Amino acid sequence: MSSTQTFFPSNAPRGMVYALVDCNNFYVSCERVFAPRLQGRPVVVLSNNDGCIIARSEEAKTLGIAMGEPFHKREPFLRREGVNVFSSNYPLYGDMSARVMEALSRFTPHQEIYSIDECFLGFVPAPDADLLCTARHIRETVRQWTGIPVSVGLAPTKTLAKIANRCAKKDPASKNVCLLGDTTTIKQTLARTDVEDIWGIGRRYARFLHTRGVDTGLDLVRMPRDWVRNHLTVVGLQTVLELDRQPCFVLETTPAPAKSIVCSRSFGRRIRDKQALGEALARHIQRAAERLRAKGLLAHTVRVALETNRFQPGPQYAARRCQTLFHPTDATPALHKAAQGLLDILYRSGFAYQKIGVTLLELVPHNHRQASLFPPAAAETGRQRDLMRTVDHLNTVYGRDTVTWAASGLGPQQWHMRQNHVSPRYTTAWDELPCVG
DNA sequence: TCTGGGGTCCTAGGACCC
DNA sequence: TCTGGGGTCCTAGGACCC
C-alpha cells in the first residue's frame, strides 16, 4: 500500500449508501416498553452478576453516571438520586431485538444484524432528501411496531455511517436522523470527531494517537497510509480508508458461522473448593453444548480458563489450557469429560477463585464430520445424538434445566451469580409458568 | 462483600520441518 | 572463519467491538 493520499477525491464513485440503525439506550428502552412509568426518569441496567452499569437512560447520563462503572461503588448515589436499577434480562432484550430487526428487514433486502441493538442497511444511492425521508420512515415504523426509539446514520461507508449515527444521537436538531453525504459535511464532521469516538479506534490506540498529536478524525485521515499500517495494523488502515470514503467493510448479509462458543461467569462469591468449581464448569459445558447443538456444530477443541480476582491485592492466579478431542463432538458428556480433565490440571489449592469459563473451538458443521481413520461407532453416536436431542427438546418445552446433569450439582449452588434487580421476562416468560410444575 | 460476558482479528515468537 | 531460509502450526497477548 503506497502512502499516496486519496484524501476525498472529488471524483470518488458512489457505491451503496449505508445506514446504521442503532436503538437508543437499548436495554433501558426495553425495560421502559413494559414499564411506562420509567419514561423521563433515570434508569440504569447492570451487567451479569450485577457487576457494572452497562446501559443508562439520558437522565442517568445527565446525573454523571458513566458506562462500565462498578455498581457497588455507585449504589449509594443511585439510591439517593432515585435511579431505577435493573439486572440485565437477556431473554427480554433478545426478543425485543428480533422484533426490531424484523421491522427493519421490510425496508431493504440488504441487512446486516451487527449486534443486539444495531443493524446496518444498504440502499442504492438516491437524492439526499429521499434518503432522509426513508430514514425518518424507518424511525417511525420501529417506534410504532416495537416501542423502541432508534437513531439512523447514513453515509457512503460503514465507519462513516457509525459517525453519522453518533451525530443523529447527539444533535437534538437532527431528530435522530443524520446523513453524511457531501465532502464538505464529512470533513467538518471529522474535524469535530475525537479519534476515540471512531469505530475501530479503542482506548489504547486513542491514547497513542493523542501522543502523536492526532486528535480528530480529520487529523487521522490526513496521516500517511504506511504510518497508519505500521502503528494500527491493517485493520486500522481499513478504518482510515473508510473515513476517506473508500468502503473496506462490506455488508455481511449472511452471518458467518461461529468460530468459538464461550460460556464464562464470575461467581456470586469467591470459591476455593474444587468440587464447586467443577459444578460451575459442568453448568457452563451444558450451556455451551446446548448452543453448539442449536447451531448444528461440533467442537474439536475444549478450553478451560480459571482465574482469581485480579482486583485483589496479593498473589493471584490465572491459567487456561486446551484439549483437542479425538473426534469433534456435540455430546455434553464427552465435552464435560475433557473439561473436567483440564480443571484437574489447572486447579491450584489455596486460591479464592472468581471465575471459570469454557470455550469450544475448531467448530465444524455436524453434517461435515471429517472422514476419520477411526470413526466413532455409528450406533454409539446415534444413541448419543438421540439422547442430546431429547434433553434439548425437554429443556426447550419445559424450561431451562428441566433435565440437567448431576455433575453440575444438585444441592444449593454457592457459585450462582447475583441478579437482584431483574425484571420479569415480559415477552418470553411462558417457560416459567406454574403449570410446568 | 461487591469491578460482565461473548465475540473477532492481528501479530510476534517459538518449534519444527525440509 | 563460517552458523540458511522459508513455510507452517501453535500459543499468547493485544487490540477492537457490542
Side-chain angles (χ1 to χ4, degrees), chain A residues 20 22-23 25-27 44-55 66-76 78 85-90 93-94 97 112-120 158-159 162 165 195-209 229-239 248-249 252 255-271 284 287-288 291-292 295 300-301 303 305 307-313 316 318-324 352 354-363 414 417-421:
Chain A
L20 176 65
D22 190 323
C23 301
N25 314 323
F26 181 55
Y27 297 169
V44 299
V45 176
L46 308 179
S47 66
N48 270 324
N49 228 11
D50 292 349
C52 297
I53 295 165
I54 54 165
M67 181 75 173
E69 282 194 272
F71 173 54
H72 71 92
K73 285 189 181 167
R74 276 302 211 162
E75 199 172 0
L78 299 176
V85 176
F86 290 90
S87 300
S88 41
N89 184 345
Y90 288 104
Y93 310 149
S97 173
E112 174 187 340
I113 298 172
Y114 177 67
S115 74
I116 195 166
D117 69 334
E118 284 178 57
C119 181
F120 285 104
K158 288 166 100 177
T159 305
K162 280 282 224 180
N165 188 281
V195 282
E196 52 266 47
D197 295 325
I198 295 167
W199 189 41
I201 305 296
R203 217 177 26 202
R204 298 296 293 264
Y205 283 168
R207 203 186 310 154
F208 165 77
L209 289 169
R229 168 69 183 80
N230 287 339
H231 290 98
L232 309 184
T233 82
V234 293
V235 184
L237 177 60
Q238 288 175 314
T239 295
C248 296
F249 305 129
E252 313 278 355
K259 297 186 170 170
S260 65
I261 291 174
V262 178
C263 196
S264 154
R265 286 262 180 298
S266 295
F267 307 123
R269 57 192 175 83
R270 302 294 83 83
I271 302 294
H284 295 342
R287 286 279 172 277
R291 282 157 55 191
L292 187 69
K295 291 171 188 283
H300 209 156
T301 297
R303 180 164 68 195
E307 59 186 73
T308 58
N309 188 344
R310 63 186 191 281
F311 294 100
Q312 291 296 312
Q316 302 298 323
R320 67 181 192 186
R321 191 155 172 155
C322 295
Q323 190 190 328
T324 297
Q354 149 98 357
K355 186 181 197 173
I356 194 164
V358 64
T359 308
L360 304 179
L361 297 152
E362 289 189 277
L363 309 182
Q414 52 169 324
M417 75 170 175
R418 266 190 315 280
Q419 210 175 15
N420 295 331
H421 308 271

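Heavy-atom basis, side chains included; hydrogens, waters and symmetry copies ignored. Within every chain, numbering begins at 1; the chains are lettered A, B, ... in the order of the sequence lines, protein sequences first and strands thereafter. Computed from a predicted structure; not experimentally measured.
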_I want to confirm an ordering. Mapping A:V262 and A:K73 to their closest nucleotides on DNA chain B, which one lands closer to the 5' end?_
A:K73
*Convert the base pairs of DNA chain C into dot-bracket notation, remembering that pairs crossing earlier ones are written with [ ] and that bases paired across to another strand are shown as |; include only Watson-Crick or G-U pairs under 3.5 Å.*
....||||||||||||||
*What nucleic acid atoms does A:I53 come within less than 4.0 Å of, heavy atoms only: base, sugar-phosphate, or nothing?*
nothing
*Could you tell me whether the phosphate oxygens of C:dA15, OP1 or OP2, come under 4.0 Å of any side-chain nitrogen or oxygen in A:R207?*
no
*asked:* If you only use heavy atoms from C-beta on, which nucleotide in C:dA15, C:dC17, B:dG6 is closest to the side chain of A:C263?
replied: B:dG6
*Side-chain N or O of A:S264 less than 4.0 angstrom from OP1 or OP2 on B:dG4?*
no
*Give A:L232 one of three labels, base, sugar-phosphate or nothing, depending on what nucleic acid heavy atoms sit under 4.0 Å from its own.*
nothing
*Across the strands shown, which category fits A:F71 at heavy-atom distances under 4.0 angstrom: base, sugar-phosphate, nothing?*
nothing
*Might you work through the side chain to side chain contact (heavy atoms under 4.5 Å, CB included) test for A:L363 and A:K259, ending with a clear yes or no?*
CA-CA 6 Å; A:L363 309 182; A:K259 297 186 170 170; 5.8 Å; no
*Expressed as a whole number of Å, how far does the P atom of C:dG4 sit from that of B:dG14?*
16 Å
*For A:L46, report the nucleic acid contact type (base, sugar-phosphate, nothing); a contact means any heavy atom under 4.0 Å.*
nothing
*Looking at every strand, decide which applies to A:E118 at a 4.0 Å heavy-atom threshold: base, sugar-phosphate, or nothing.*
sugar-phosphate
*asked:* On DNA chain B, does the nearest nucleotide to A:P257 precede the nearest nucleotide to A:G68 from the 5' side, or the other way round? Give the residue.
replied: A:G68
*Do you know which two heavy atoms are closest between A:S260 and A:T359, and how far apart they sit?*
CB-CG2, 4.1 Å
_What's A:D117 touching, base or sugar-phosphate or nothing? Going by heavy atoms closer than 4.0 Å._
sugar-phosphate
*If you look at every strand shown and take non-hydrogen atoms under 4.0 Å, does A:R291 touch a base, only sugar-phosphate, or nothing?*
sugar-phosphate
_Closest approach of A:Y205 to A:H231 (non-hydrogen atoms, all atoms of both residues)_ = CE2-O, 4.1 Å
*With sequence neighbours left out, what residues match A:E75 under side-chain hydrogen bond (donor to acceptor under 3.5 Å, both in side chains)?*
A:R79
_Does A:E196 reach a base, just sugar-phosphate, or nothing at all? Heavy atoms under 4.0 Å._
nothing
*Give a yes/no answer on whether the side chain of A:K355 brings an N or O atom under 4.0 Å of OP1 or OP2 in B:dG6.*
no
_Is the phosphate of B:dT8 approached by A:S260 (side-chain N or O, under 4.0 Å from OP1 or OP2)?_
yes
_Over all strands shown, is A:C322 touching base, sugar-phosphate only, or nothing at heavy-atom distances under 4.0 angstrom?_
nothing
